[in-house]
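Reading through the structure tokens given below for one structure.
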Amino acid sequence: MTDLSFHGPVDENVAVACAAEPKARTSRSLLLPFMKGTVALARAIEWVFGVLSLILGLSILAAIPVVQFLSMGYLLESSARVARRGSLRDGLIGVRKAARVGGLVAGTWLSLVPVWIVRSLARSAEVIDPDGPVARKWQVGLVLLSCLIFLHLGFCVLRGGRLRYFLWPVGHLFWIARRMGRRGHYAEVRDALWNFVAGLRLTYFWRMGFVGFLGTLPWVIVPALLIASGQTYPILGVIGVILLALIVPFLPFMQVRFALEGRLRAMFAPRAIRDLFKRAPWAFAFSLSSVLVAAIPLYLLKLEMIPREAAWLPGLVFVIFLGPARLLTGWAYSRAGRREQPRHWLFRIVGRLAIAPVAILYVLVVFLAQYTSWSGVNSLFEQHAFLLPVPFLDM
């Protein structure tokens, strides 16, 4: 049998390349998982930082009059998204954008630290030797440093506002070098900034919170007025307590229904909520218990008057406790929506029996708050489980 293979001389360069190719593939195969792991870790850190920034941002917004409707609207929309899609993670809206805003705020604060230090030294020099040469040098240094920091902040914003841009100012030089001679950079930055701000949907969240507030207020203001009148006419107080206990099991789910449909009249359909309860009674009982129990720490927080500088603290407690509880109401609403037939009557009875003591506990806390809270009778109108953590009555 004839051998047709080629046995001629082999080029040394080709032999070296063929020998090096498996090594290159091996190094790439080892480097690729490391790079993927690094990217995944960076994205995970960004996500955690975004969640923390979101919590802190919503807490601060919840303590500002009028602006606080943004916080309430965000929580309503979060519960609606969970109810629509069935996943609790879908309720965390805009985590990556929150990380960008949080990085911008944190980076700005860190960049201003040298200015604060130099300003303190300049004031000390002015106190020791007013209009002296040392004091004048510190003042000149403060002006120059302020200009440099302002320029640094401007470049960070133009580059996108990520936290790493604030921590590495030398990167501005490479960024400028890459864009020298390019046209349309101003339009690119302008459009990116506009798209980012528009993507925050601030007007939508504010409107959602404001309309949800208006729809919730009639349900809680009538029993609150009756309970407040109980100090003069006890029978009215008893009627108010009973009325509030009957309203409490429906209200969180009517808020979810309003956020889903976007119509104010959805806040006045208790019969629809009763039908949904029949399909997922245990899920409704669990989520309602979470909402009502999560509101109790806010009443405990107001046993004493909060200093003005700590006005954001009720907002922080509000977001940390009631944020997850709102997601659970959306989850329960979603489970009920996926079922077509009501559950067995035994499940429905057990669900009602589980709701009753939690609702009574919440009503009892609200009733006693008028005697324990520093806001007195006004605490009856706060209703932290359904409304804002810092109502207008306390402003």
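Residues: numbered from 1 along the sequence shown.
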If you define the side chain from C-beta out and look only at heavy atoms, does anything of Arg348 sit under 4.5 Å from Pro342? yes

Check whether any side-chain N or O of Ser287 sits under 3.5 Å from a backbone N or O of Phe284 as a donor-acceptor pair, and report yes or no. yes

To the nearest 0.5 Å, what is the distance between CZ on Arg257 and CZ on Arg265? 9.0 Å

Can you tell me how far CG of Leu368 sits from OG of Ser373, rounded to the nearest 0.5 angstrom? 11.5 Å

Side-chain heavy-atom pair Val67, Trp206 within 4.5 angstrom cut-off: no

First locate atom CD1 of Ile296, then atom CG of Leu300, and finally report the distance between them rounded to the nearest 0.5 Å. 7.0 Å

So if you build clusters from Ile, Leu, Val, Met, Phe, Trp, Tyr with side-chain heavy-atom gaps below 4.5 Å, do Leu61 and Trp109 land together? no

Does the Trp219 side chain pair with the main chain of Met267, one donor and one acceptor, at a distance under 3.5 Å? yes

Which pair of heavy atoms, one from Ala294 and one from Ala325, lies closest together, and at what distance? CB-CB, 4.3 Å

Which atom of Gln139 lies closest to which atom of Ala122, heavy atoms considered: NE2-CB, 3.9 Å

So does Ala228 get a backbone contact from the side chain of Gln231, meaning a donor-acceptor N/O pair under 3.5 Å? no

Are Phe318 and His384 near enough that their ring centres are under 6.0 Å apart? no

Taking Gly376's backbone N and O only, do any of them form a donor-acceptor pair with Ser379's side chain (distance below 3.5 Å, no angle check)? yes

Is Phe268 atom CZ crowded by more than 12 heavy atoms from other residues, nucleotides or ligands, each under 6.0 Å away? yes

Look at the aromatic rings of Phe166 and His152 and report parallel, tilted or perpendicular, splitting at 30° and 60°. perpendicular

Is the backbone N or O of Asp131 less than 3.5 Å from a side-chain atom of Arg136, with the two atoms forming a donor-acceptor pair by type? yes

Honestly curious: do Leu52 and Val101 fall in one hydrophobic cluster under the side-chain, below-4.5 Å linking rule? yes

Please check if Phe196 and Leu153 belong to a single hydrophobic cluster, counting links between Ile, Leu, Val, Met, Phe, Trp and Tyr side chain heavy atoms closer than 4.5 Å. no

Under 30°, 30 to 60°, or over 60°: which ring-plane class applies to Phe367 and Tyr371, parallel, tilted or perpendicular? perpendicular

As an exercise, state the distance from CD1 of Ile149 to OG of Ser111, rounded to the nearest 0.5 Å. 6.0 Å

So is Arg343 actually on top of Phe347's ring, under 6.0 Å and inside 45° of the axis? yes

Are Arg201 and Tyr204 in a cation-pi contact, defined as NZ or CZ under 6.0 Å from the six-membered ring centre and within 45° of the axis? yes

Going from CD1 on Ile360 to CD1 on Ile355, what distance comes out if it is rounded to the nearest 0.5 angstrom? 11.5 Å

Is any side-chain heavy atom of Thr329 closer than 4.5 Å to one of Leu288? no

Report yes if some heavy atom in the side chain of Arg159 is under 4.5 Å from a heavy atom in the side chain of His172; otherwise report no. yes

Tell me, with the steps shown, if Val82 and Arg326 meet side chain to side chain contact (heavy atoms under 4.5 Å, CB included). CA-CA 9 Å; Val82 175; Arg326 292 279 186 174; over 6 Å; no

Report yes if some heavy atom in the side chain of Leu243 is under 4.5 Å from a heavy atom in the side chain of Leu226; otherwise report no. yes

Flag, side chain of Arg339 to backbone of Arg279, donor-acceptor distance under 3.5 Å: yes

Should Trp175 and Leu148 be counted in the same cluster of Ile, Leu, Val, Met, Phe, Trp and Tyr side chains packed under 4.5 Å apart? no

Closest approach of Val220 to Leu387 (non-hydrogen atoms, all atoms of both residues): CG2-CD1, 3.9 Å

Closest non-hydrogen atoms of Phe49 and Gly103, given as atom of the first, atom of the second and distance, are CE2-N, 3.4 Å

Contact check, side chains of Leu327 and Ser79, non-hydrogen atoms, under 4.5 Å: no

Are Phe213 and Phe69 close enough that their ring centres sit under 6.0 Å apart? yes

Quick check with a 6.0 Å cut-off and a 45 degree axis cone: is Arg89 positioned over the face of Trp331's six-membered ring? no

Here the pair of heavy atoms bringing Gly215 nearest to Leu264 is CA-CD1, 3.6 Å

Check whether Gln255 reaches the backbone of Phe386 with its side chain - one donor and one acceptor, N or O, closer than 3.5 Å. yes

Crowded around Arg84 CZ? As in, over 12 foreign heavy atoms under 6.0 Å? yes

Taking Trp116's backbone N and O only, do any of them form a donor-acceptor pair with Ser120's side chain (distance below 3.5 Å, no angle check)? no

Say whether Val113 and Leu142 are linked into one hydrophobic cluster, either directly or through other cluster members, by side-chain heavy-atom distances under 4.5 angstrom. yes

Inter- and intrachain pairs under salt bridge (charged side-chain N to carboxylate O under 4.0 Å, His left out), touching residues 91-117, at least two apart: Glu46-Arg96

Verdict with supporting geometry, Ser334 and Arg338, side chain to side chain donor-acceptor pair (under 3.5 Å): CA-CA 6 Å; Ser334 176; Arg338 291 197 299 265; 2.8 Å; yes

What's the shortest heavy-atom distance between Leu301 and Pro314, and which atoms? CD2-CA, 3.8 Å

Step-by-step side chain to side chain contact (heavy atoms under 4.5 Å, CB included) determination, Phe258 to Val211: CA-CA 9 Å; Phe258 155 72; Val211 178; 3.6 Å; yes

Residues Phe381, Leu225; criterion side chain to side chain contact (heavy atoms under 4.5 Å, CB included); working and verdict: CA-CA 8 Å; Phe381 302 91; Leu225 287 173; 3.6 Å; yes

Aromatic ring proximity, centroids under 6.0 angstrom, Phe286 and Trp282: no

Going by heavy atoms in the side chains, are Leu58 and Leu70 under 4.5 Å from each other? no

Test item: Thr216 and Gln383 side chains (from C-beta on) under 4.5 Å apart, heavy atoms: no

Just do the side chain to side chain contact (heavy atoms under 4.5 Å, CB included) check on Val366 and Tyr299 with the steps written out, would you? CA-CA 8 Å; Val366 172; Tyr299 287 99; 3.6 Å; yes

Just by modelled atom types, is the Ile93 backbone N or O under 3.5 Å from a matching donor or acceptor in the Tyr74 side chain? yes

Backbone N/O of Ala62 and side chain of Gln68: donor-acceptor pair under 3.5 Å: yes

Can you measure from CG (Leu322) to CG (Leu292) and round to the nearest 0.5 angstrom? 9.5 Å

